[in-house]
Amino acid sequence: VLWEASPRRVAYVTAHNSPTVATTEQVLNPVYAKRVLITVVSTVIVFSSSMTIVSASLPTIAEDLDSSEGFLAWAVTGLFLVMAVTTPILGRLGDSHGHRKVFLIGAVLLGLGTLACALAPTAEAFVAARMVVGLAISSTMPTGMALIMAAHPPERRGEAMGWFQMTMTGAPVLALVAGGPLIEAFGWRSVFAGLFPLAIIGTTASWRTLKKTGGTSDVPIDWMGAGTLALGTLGFLLFLEFGGRSGFTSTLPLVLAACAVVGITWFLRVERKVEYPMLRLDYFKRRNFTGPLICQPLSQFAYMGGFLIAPILLASMFGYSVGTIALILLFRPAFYSLFSPIGGRLSGKFGERMFLLSGSILMVLSMAAWVGGAHWTNLPHVILGPSLSGIAMGFASPSYSTAVANAVEVADLGIANGMSSTLMNIGMLTGIQSMFTVLGEGRSADDFARTFIVGACVAGIGSIGALMMTKPRATDS
């Protein structure tokens, strides 16, 4: 792909170099590409900024709304369930009806959901508002990433996604630092009241800046495929949620597991038969599509599971206060944010395979550091754990998004980004429930070591996905 200081009409073949993929002609303008990246980030940052502060403020919100922390936990769980189920569908809608259109709808919903959070009179209303925010992110995340990908040539996408990931992981840290004093001074509603104007600014900038991508054909939406995929995904995630509470062999979790199996089986049958599938199953024959989808969600399993186990370890084994624990855990997002641009930039030079594999190895070493911290009650090991986790995800995340996008046709960028996001959410929720189940009620050094060993093993298995990838053969013209 030609990439120059001035706009130029160029043609390129997608990176997987498949003979079935037609050459696509497109104007690539580096100035516009930067504006797209800044605009998308300025919109979705409202969501990322609110995530950490909501989790940290649940006790305060529960007390103010006369509810329980258990119920308000659905403000987090429900949001991720909505995202996991609807992200592929809305990504596909972006492919069919235009990424800009679906992104703008999501941006408006994000503003409305944020305002509804600020004004929520009851706990039920607050949870519902957070689910609206989840639906908004399902609209903006896959289409926003598709807009960024479409504005950059394949070899520049990793660098762009590195800056994107840096902002998405750095914003929660800054929000937590600024939001804590804000909540103490003005209450939790002030956080959402402050984010609402940012949502308006992001929506306005998106309306003025973004150009149309996607929506170039009259291909109908595969609603049967969308519905069966949603059934399978929701069934599995609710199986994890309720199985973790009441036991995985109780009646409701087993029914939900059956729904998941039926949904995924039905989805695969539908996709094999329909003329225009929700997701082309032949993509899974491409190593640079399937490999990242194996590798990174399994790293996410260890990353998020370990992150939620870590505070329990630090409180039980070290006796640290909440403030000290928060400072130690800040190493994780800090290094994630710092290393994302580095990983993104270098992946464009050396290929995504190297950095996905490096991320898996570093995640295994991170879990090993936590094992050492638990076994020897050693603070340097404890600090090394979250630091290596952050570096691992910083190196690998831009390559994950880029590899998946480069392995599909331009017309399928939305659904590809949607599927990659959904699998990351599944990896995250599976890791949380599985590692909590392994830990159980035990709080000894061996209990924690065993739990982090499970995380290390899963992340290690994920490296197989990176090893199965091949280096793309780019074609310039």
Side-chain angles (χ1 to χ4, degrees), residues 33-57 75-76 79-80 82-83 87 90 99-100 102-118 129-130 132-149 151 159-180 182-183 188 190-210 330 332-334 336-341 344 390 393-394 397-398 401 417 421 424-425:
K34 291 179 181 178
R35 293 176 63 193
V36 169
L37 178 59
I38 294 171
T39 301
V40 171
V41 165
S42 68
T43 303
V44 299
I45 199 174
V46 173
F47 161 73
S48 61
S49 298
S50 69
M51 278 306 302
T52 306
I53 199 68
V54 167
S55 299
S57 305
V76 178
L79 180 145
F80 279 111
V82 170
M83 288 174 58
T87 298
L90 289 163
H99 300 131
R100 178 182 184 272
V102 177
F103 184 88
L104 286 173
I105 293 172
V108 172
L109 281 176
L110 182 57
L112 294 175
T114 302
L115 180 61
C117 288
R130 291 300 291 172
V132 171
V133 170
L135 183 62
I137 293 303
S138 296
S139 301
T140 54
M141 194 63 75
T143 53
M145 291 170 67
L147 287 161
I148 294 171
M149 300 290 186
E159 184 177 353
M161 293 312 300
W163 289 108
F164 178 80
Q165 292 289 350
M166 183 192 78
T167 309
M168 291 295 290
T169 54
V173 177
L174 296 177
L176 191 60
V177 172
L182 191 65
I183 291 173
W188 63 269
S190 62
V191 173
F192 297 99
L195 290 174
F196 178 63
L198 295 180
I200 295 176
I201 293 172
T203 302
T204 304
S206 301
W207 179 268
R208 298 182 61 179
T209 302
L210 301 178
L330 277 178
R332 186 191 79 138
Y336 191 158
S337 183
L338 288 172
F339 277 83
S340 289
M393 295 303 284
S397 291
S401 302
N417 290 325
S421 295
M424 287 292 280
N425 284 330

Student: As an exercise, state the distance from CE of Met141 to OG of Ser421, rounded to the nearest 0.5 Å.
Tutor: 6.5 Å
Student: For Phe47, check ring pair (Phe, Tyr, Trp, His ring centres under 6.0 Å) against everything at least two apart and list the hits.
Tutor: none
Student: Any non-hydrogen side-chain atom of Ser340 less than 4.5 Å from a side-chain atom of Met168?
Tutor: no
Student: So which heavy atom on Ala129 is nearest to which on Gly113, and how close?
Tutor: CB-O, 3.9 Å
Student: Under 3.5 Å, is there a donor-acceptor pair between the side chain of Ser337 and the main chain of Ala334?
Tutor: no
Student: May I have the step-by-step check of side-chain contact (heavy atoms from CB on, under 4.5 Å) for Leu90 and Leu135, ending in yes or no?
Tutor: CA-CA 9 Å; Leu90 289 163; Leu135 183 62; 3.9 Å; yes
Student: Go through the structure and list residues passing side chain to side chain donor-acceptor pair (under 3.5 Å) with Thr87, not counting sequence neighbours.
Tutor: Ser138
Student: Of all heavy-atom pairs between Ala160 and Ile148, which one has the smallest distance, and what is that distance?
Tutor: CB-CG2, 3.9 Å
Student: Who passes side-chain contact (heavy atoms from CB on, under 4.5 Å) against Ala199, sequence neighbours left out?
Tutor: Val46
Student: Say whether, by atom type as modelled, one donor and one acceptor occur between the side chain of Ser397 and the main chain of Gly394 under 3.5 angstrom.
Tutor: no
Student: Which value, rounded to the nearest 0.5 Å, describes the distance between Met393 atom CE and Gln165 atom CD?
Tutor: 8.0 Å
Student: Which residue pairs pass the side-chain hydrogen bond (donor to acceptor under 3.5 Å, both in side chains) test with at least one member in residues 33-46, sequence neighbours excluded?
Tutor: Thr43-Ser206
Student: If we ignore hydrogens and angles and just use 3.5 Å, is the side chain of Arg100 paired with the main-chain N or O of Leu210 as donor and acceptor?
Tutor: yes
Student: Could you pull out all residues at least two apart from Ile38 that satisfy side-chain contact (heavy atoms from CB on, under 4.5 Å)?
Tutor: none
Student: Compare every heavy atom of Ala193 with every heavy atom of Ala118, then report the nearest pair and how far apart it is.
Tutor: CB-N, 4.0 Å
Student: Check Trp188 against Cys117 and note the closest heavy-atom contact, atom names and distance.
Tutor: CZ3-O, 3.4 Å
Student: Going through the distances and angles, do Thr114 and Ser50 end up as a side-chain contact (heavy atoms from CB on, under 4.5 Å)?
Tutor: CA-CA 9 Å; Thr114 302; Ser50 69; over 6 Å; no
Student: Please tabulate, one pair per line, all N/O donor-acceptor pairs under 3.5 Å involving side-chain atoms of residues 102-112, not counting sequence neighbours.
Tutor:
none

Student: Looking at Met149 and Ser401, what are the two nearest heavy atoms and their distance?
Tutor: CE-O, 3.5 Å
Student: Could you give the distance from CD1 (Ile200) to CG (Leu195), rounded to the nearest 0.5 Å?
Tutor: 11.5 Å
